[in-house]
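To start, the structure itself, in structure tokens.
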Amino acid sequence: MIVHKNQIIFREDYLKTEEGRMSQTENPRWQSLKKDIEKNGIINPLICTKDGDKYRLCIGMRRFIAGCILGINEYKIEVVSNEEKNTLLYATSKYKTKHKDGTELAL
């Protein structure tokens, strides 16, 4: 599903502030991610749960922030239940995703 960035909300209150979002951009891994998105776009969907008429971002916060800074307004998302979210959080911490050419994605 494709949604506008205004339909996506953060799970952490601090990230709702400009200071909170910008603090993420100081990380060297984030800089690598931003360069990857500039070159390849956002490859994996953001993982969200449904929250009223919006979608609460669970996985993909740094991709979302980088995309907003790069001017991306629409995002591919996958909506999961809260039970699935817990499993996905574990999986993303354990496994890495790769580009089609075999190089590792900056997560």
Side-chain angles (χ1 to χ4, degrees):
M1 159 188 313
I2 306 279
V3 299
H4 190 272
K5 68 181 181 183
N6 292 341
Q7 291 178 275
I8 298 172
I9 56 178
F10 290 106
R11 68 180 188 269
E12 299 170 20
D13 288 339
Y14 179 64
L15 294 173
K16 293 177 183 175
T17 68
E18 185 66 19
E19 177 188 356
R21 288 191 299 273
M22 294 312 291
S23 71
Q24 301 296 309
T25 65
E26 297 168 4
N27 183 319
R29 285 188 54 171
W30 185 88
Q31 292 294 331
S32 174
L33 172 66
K34 181 176 174 250
K35 288 177 186 172
D36 188 83
I37 291 172
E38 285 176 309
K39 179 180 177 186
N40 301 300
I42 297 176
I43 296 171
N44 293 320
L46 306 177
I47 306 300
C48 301
T49 55
K50 185 80 168 139
D51 191 342
D53 62 344
K54 304 244 181 196
Y55 300 93
R56 186 168 300 278
L57 184 58
C58 299
I59 300 173
M61 174 194 63
R62 293 182 306 142
R63 283 178 277 156
F64 179 73
I65 293 169
C68 287
I69 289 172
L70 292 169
I72 297 172
N73 290 317
E74 293 188 330
Y75 294 82
K76 183 175 181 183
I77 67 166
E78 185 172 331
V79 180
V80 299
S81 68
N82 282 326
E83 294 80 25
E84 289 175 306
K85 175 186 78 169
N86 292 332
T87 302
L88 288 166
L89 287 170
Y90 170 78
T92 55
S93 68
K94 186 168 175 82
Y95 303 102
K96 299 289 183 190
T97 306
K98 298 191 181 294
H99 287 290
K100 291 178 184 175
D101 66 4
T103 59
E104 189 175 293
L105 278 173
L107 294 178

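Count residues from 1 along the sequence.
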| query | Taking only residues two or more places apart in sequence or in another chain, which ones pass side-chain contact (heavy atoms from CB on, under 4.5 Å) with Gln7? | reply | Val3, His4, Tyr55
| field | Sole residue of Cys48, Cys68, Pro45 in side chain to side chain contact (heavy atoms under 4.5 Å, CB included) with Tyr75 | value | Cys68
| note | So the salt bridge (Lys or Arg N to Asp or Glu O under 4.0 Å) pairs with at least one residue in residues 41-52 (sequence neighbours excluded) are Asp51-Arg56
In Å, rounded to the nearest 0.5 Å, how long is the span from [atom1] of [X] to [atom2] of [Y]?
X: Lys35; Y: Trp30; atom1: NZ; atom2: CH2; result: 10.5 Å
X: Asp36; Y: Arg63; atom1: CG; atom2: CZ; result: 10.5 Å
X: Thr49; Y: Ile9; atom1: OG1; atom2: CD1; result: 7.5 Å
X: Ile69; Y: Glu38; atom1: CD1; atom2: CD; result: 10.5 Å

| Taking Lys76 for the side chain and Ile43 for the main chain, is one N or O donor matched with an acceptor at less than 3.5 Å? | no
| pair Ile72-Ile37: side-chain heavy atoms closer than 4.5 Å | yes
| message | For Asn73, give me all partners under side chain to side chain donor-acceptor pair (under 3.5 Å), at least two apart in sequence or on another chain. | response | Lys5
| said: Give me the atom names and distance for the closest heavy-atom approach of Asn6 to Lys54. | reply: O-NZ, 3.0 Å
